[in-house]
There are 2 protein chains.
Amino acid sequence: MSIIQYLEDGKTGSQPLSTNLYTELQEDILTGKLKAGQKLTEQKICNEYNVSRTPVREALRQLEMEGLIENIPNRGAFVIGFSDQDIADMYELRSSYEVLAVRWAIDRITEEEFNELEETFEFMEFYTMKNDINKMLNINMAFHQIIYNATHNRMLNQLLSSYQVYLKYCNPSNYYAPNYLADVLEEHRAIYEAFKARDAEAGALAMTRHMENSRNRKRK
Amino acid sequence: MSIIQYLEDGKTGSQPLSTNLYTELQEDILTGKLKAGQKLTEQKICNEYNVSRTPVREALRQLEMEGLIENIPNRGAFVIGFSDQDIADMYELRSSYEVLAVRWAIDRITEEEFNELEETFEFMEFYTMKNDINKMLNINMAFHQIIYNATHNRMLNQLLSSYQVYLKYCNPSNYYAPNYLADVLEEHRAIYEAFKARDAEAGALAMTRHMENSRNRKRK
DNA sequence: ATTATATGATTTGGATACAATTTTGTCAAG
DNA sequence: CTTGACAAAATTGTATCCAAATCATATAAT
């Protein structure tokens with residue numbers, strides 16, 4: 001997915017969308033509409049979401065693989081959900097993956113990928129000046145995704161990409177804090193500069209700081 | 001799962017088992033029986049594995065979540081499989097997760113969990129003396145699993161547990177090298193001692209070495 | 001009163017049937 | 001010989017049907 005697509009599709013990462021049942025159920029678990037411990041009866045879901053049992057069962061298997069529900073044979077599916085502890089765990093894990101990803105990406109990034117990163121960073125500067133928060137959310141995702149790709153490690157890429165969904169639903173950053181966009185821009189600049197210098201240690205340090213600051217920016 | 005169960009179920013981690021379709025297909029992809037790029041037609045799988053389309057579709061969704069196949073809407077499922085690069089990636093990733101896990105586990109392990117780890121290590125010593133490789137494979141899995149649990153981080157636990165499956169199919173360790181069991185025992189002893197001393201740095205170092213040596217023990 | 005048991009209702013697991021989409025093959029036009 | 005249109009076949013997506021397992025309730029035994 002190119003940076004242009006990220007900008008143009010207009011999906012700011014905050015609306016439902018939910019193109020399929022799996023995504024809808026995932027959303028409903030992550031937002032707490034379906035509560036932990038609750039039993040998900042297939043027929044109930046059929047009625048609630050107006051689909052037949054076949055797609056329901058497929059979605060339940062997917063959610064099970066993701067760890068959002070537990071499927072007990074012949075008994076049914078039970079919501080596991082995300083506890084506050086899980087969210088904390090997720091942030092902690094994600095931080096270390098992101099740092100690892102930067103380290104590997106700086107060592108392995110291609111010329112072409114670096115140009116894409118550079119272009120994306122310039123978009124960041126532009127939309128920070130224009131103070132366009134929705135655009136920035138998309139560009140931010142693109143920036144990180146480029147790094148994931150540049151690790152050339154399929155499993156790490158897949159893992160970090162999958163976390164984007166969760167990040168959306170955990171209490172969001174305080175976008176409207178003074179200097180939010182400017183602060184974020186400078187953190188990304190540090191990361192970008194490390195890539196430019198092909199300095200993995202500097203990159204790891206910059207990403208570590210970015211992750212710490214991200215957490216501190218969370219609404220309490 | 002207790003250490004006793006690990007010992008008694010007799011599953012040495014090298015036979016098919018494959019209790020369900022998903023596991024069977026997973027195995028067939030990881031062993032290369034189903035090749036990368038190959039199209040998986042639902043009806044073909046039905047005939048091959050003697051099941052109807054409903055469980056087939058469930059399995060395909062699970063495999064997709066795992067990243068072993070790609071599901072293109074209205075087109076079908078295509079095997080992605082594990083390239084040599086993916087296996088290398090997996091080892092590299094797993095190493096850093098394991099080190100991270102030890103760090104966290106040493107800080108968070110409960111008295112009860114530590115006792116379990118201690119008991120497991122004593123089983124290791126015993127079966128090393130008896131030179132029982134099959135038992136050792138199971139105990140080894142148990143030892144690592146206890147560490148995963150002791151992180152008290154559900155996502156990291158889930159992630160590392162899921163890798164156990166892949167490890168089984170990537171070219172196996174050279175179990176019959178001289179001193180294999182003795183070497184492995186000493187590496188685990190270092191890890192265990194770090195837990196006993198509640199020394200996270202020593203644990204991380206010991207696990208790093210264990211991971212390096214594991215890789216070097218691979219058959220070429 | 002509590003526990004056991006039996007029976008009917010509900011629910012899951014799996015197979016089949018039908019609809020929508022894609023692929024394949026044929027044949028004619030350029 | 002290639003290209004395009006179109007129909008037939010194959011394949012995916014969804015709905016429904018049947019069997020097996022589980023759950024709930026009522027009744028009987030201790």
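Throughout, protein chains are lettered first and strands after them, A, B, ... in sequence-line order, and every chain is numbered starting at 1. All values below come from the heavy atoms of this structure, side chains included, with hydrogens, waters and symmetry mates left out.
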Q) Base, sugar-phosphate alone, or nothing: which one does A/R75 contact when heavy atoms must sit under 4.0 Å apart? A) sugar-phosphate

Q. Do A/L60 and A/V56 touch side chain to side chain, with heavy atoms closer than 4.5 Å?
A. yes

(Q) Could you check whether any side-chain heavy atom of A/N149 comes within less than 4.5 Å of a side-chain heavy atom of A/I147, counting everything from C-beta outward? (A) no

Grab the [atom1]-[atom2] distance between [X] and [N] for me, whole Å please.
X: A/F78; N: D/dT22; atom1: CZ; atom2: P; answer: 12 Å
X: B/E70; N: D/dT12; atom1: CD; atom2: P; answer: 14 Å
X: A/N20; N: D/dT12; atom1: CG; atom2: P; answer: 18 Å
X: B/I69; N: D/dT12; atom1: CD1; atom2: C1'; answer: 13 Å
X: B/R57; N: D/dT11; atom1: CZ; atom2: C1'; answer: 10 Å
X: B/I72; N: C/dT21; atom1: CD1; atom2: C1'; answer: 14 Å
X: A/N74; N: D/dT22; atom1: CG; atom2: P; answer: 5 Å
X: A/E58; N: C/dG13; atom1: CD; atom2: P; answer: 14 Å

Q) So what is the end-to-end bend of the helix from C/dA1-D/dT30 to C/dG30-D/dC1, with 5 pairs used at each end and the value given to 10 degrees? A) 20°

Q | Flag, side chain of A/D86 to backbone of A/S83, donor-acceptor distance under 3.5 Å | A | yes

Q: Give a yes/no verdict on a cation-pi contact between B/R198 and B/F114, requiring under 6.0 Å between NZ or CZ and the six-membered ring centre and an angle within 45° of the axis.
A: yes

Q: Name all pairs fulfilling the salt bridge (charged side-chain N to carboxylate O under 4.0 Å, His left out) condition that reach into residues 32-43 of chain A, sequence neighbours left out, sorted by first residue then second.
A: A/D28-A/K33, A/E42-A/R53

Q: Please list all pairs passing the salt bridge (charged side-chain N to carboxylate O under 4.0 Å, His left out) test where one or both residues lie in residues 57-66 of chain A, with sequence neighbours left out.
A: A/R57-B/E58, A/E58-B/R57, A/E58-B/R61, A/R61-A/E64, A/R61-B/E58

Q) Step by step, would you call A/Q85 with A/D89 a side chain to side chain donor-acceptor pair (under 3.5 Å)? A) CA-CA 6 Å; A/Q85 182 60 52; A/D89 289 354; 2.9 Å; yes

Q) Tell me, which pairs form a ring pair (Phe, Tyr, Trp, His ring centres under 6.0 Å) where one or both residues lie in residues 65-85 of chain B, sequence neighbours left out? A) B/F82-B/Y166

**Q.** Any residue of residues 47-56 of chain A with a heavy atom less than 4.0 Å from an atom of DNA chain C
**A.** A/R53

Q. Does the pair A/Y148 and A/Q158 meet the rule for a side chain to side chain donor-acceptor pair (under 3.5 Å), with working shown?
A. CA-CA 8 Å; A/Y148 306 160; A/Q158 185 181 334; over 6 Å; no

**Q.** Within residues 33-45 of chain A, residues whose heavy atoms come under 4.0 Å of DNA chain D
**A.** none

Q) Taking the six-membered ring for Trp, are A/F121 and A/H188 ring centroids under 6.0 Å apart? A) no

Q. Looking at B/E118, B/R108, B/H152, which one forms a side-chain contact (heavy atoms from CB on, under 4.5 Å) with B/E113?
A. B/H152

